[in-house]
Amino acid sequence: MNLKKLFPYSYQKSLLVSLVIYIVTAIVASLLIGFAGVLTGWIPVAGVLVGWALRIVGILVDIYVVGGIVVSILLALKVIK
C-alpha cells in the first residue's frame with residue numbers, strides 16, 4: 001500500500017500545515033454531514049436511512065483524518081519515509 005497516494009497531505013514539508021489541513025477537513029465534513037442530517041431528518045423512513053448512511057460516512061471521514069494525522073506525526077519523527 002502506497003501511503004503517499006492515500007495520505008498526500010501528510011507528505012507536506014511542515015507538520016503544522018498537514019495537521020491544520022486534516023483538522024479543517026474534519027470540521028468541514030462534520031458540518032456538512034450535520035447539515036445534511038438536519039435537512040433529511042424530518043422525513044419519516046428515508047430520514048432514518050439517510051441518517052444511518054451519514055453516520056457511516058462520518059465514521060469513515062474520522063478514520064481517514066486520524067490516519068492522516070498519525071502518518072504526519074510518524075513522518076515528522078522519521079519513523080517512516
Report task. Heavy atoms only: give me the nearest V61-A29 pair and the separation to one decimal. Result -> CG1-CB, 3.6 Å
**Report entry** Hydrophobic cluster membership, V38 vs V48, 4.5 Å side-chain cutoff
**Finding:** no
Requested in this report: Before giving the answer on side-chain contact (heavy atoms from CB on, under 4.5 Å), spell out for V57 and I33 the whole-Å C-alpha distance, their side-chain angles and the decisive distance to 0.1 Å.
Outcome: CA-CA 8 Å; V57 170; I33 290 169; 4.0 Å; yes
Query raised in the report: In terms of hydrophobic clusters joined by side-chain contacts under 4.5 Å, are I56 and I63 together?
Result: no
Query raised in the report: Hey, what do you get for CD1 (I27) to CG (L32), rounding to the nearest 0.5 Å?
Result: 12.0 Å
Report task. Not counting sequence neighbours, which residues clear side chain to side chain donor-acceptor pair (under 3.5 Å) with S18? List them please. Result -> S72
Query raised in the report: Roughly how far, to the nearest 0.5 Å, is the CG atom of L49 from the CG atom of L54?
Result: 11.0 Å
Query - Path from L75 to V20 over hydrophobic side-chain contacts below 4.5 Å - result: no
Query raised in the report: If you take all heavy atoms of P8 and K5, which pair is closest and at what distance?
Result: CD-O, 3.8 Å
Query - ILVMFWY cluster, V79 and L19 together (side-chain gap under 4.5 Å) - result: yes
Query - 4.5 Å side-chain heavy-atom contact, L3 and Y11 - result: yes
**Report entry** Closest heavy-atom pair and its distance - L15, A76
**Finding:** CD2-CB, 3.9 Å
Report summary line: Heavy-atom nearest pair, Y22 first then S10, reads OH-OG, 3.0 Å
Report task. Look at the side-chain heavy atoms of Ile, Leu, Val, Met, Phe, Trp and Tyr, link any pair under 4.5 Å apart, and say whether V70 and Y9 land in one connected group. Result -> yes
Query raised in the report: About how many Å separate CD1 of I69 and CZ of F7, when rounded to the nearest 0.5 Å?
Result: 10.5 Å
Query - Atom CZ of F35: over 12 foreign heavy atoms under 6.0 Å - result: no
Query raised in the report: At what distance, to the nearest 0.5 angstrom, does CD1 of I73 lie from CD1 of I80?
Result: 11.0 Å
Report summary line: What one should report as the nearest heavy-atom pair of V65 and T25 is CG2-CG2, 4.5 Å
Requested in this report: Indicate yes or no for a side-chain donor-acceptor contact from Y64 to the backbone of L6 under 3.5 Å, with no hydrogens or angles considered.
Outcome: yes
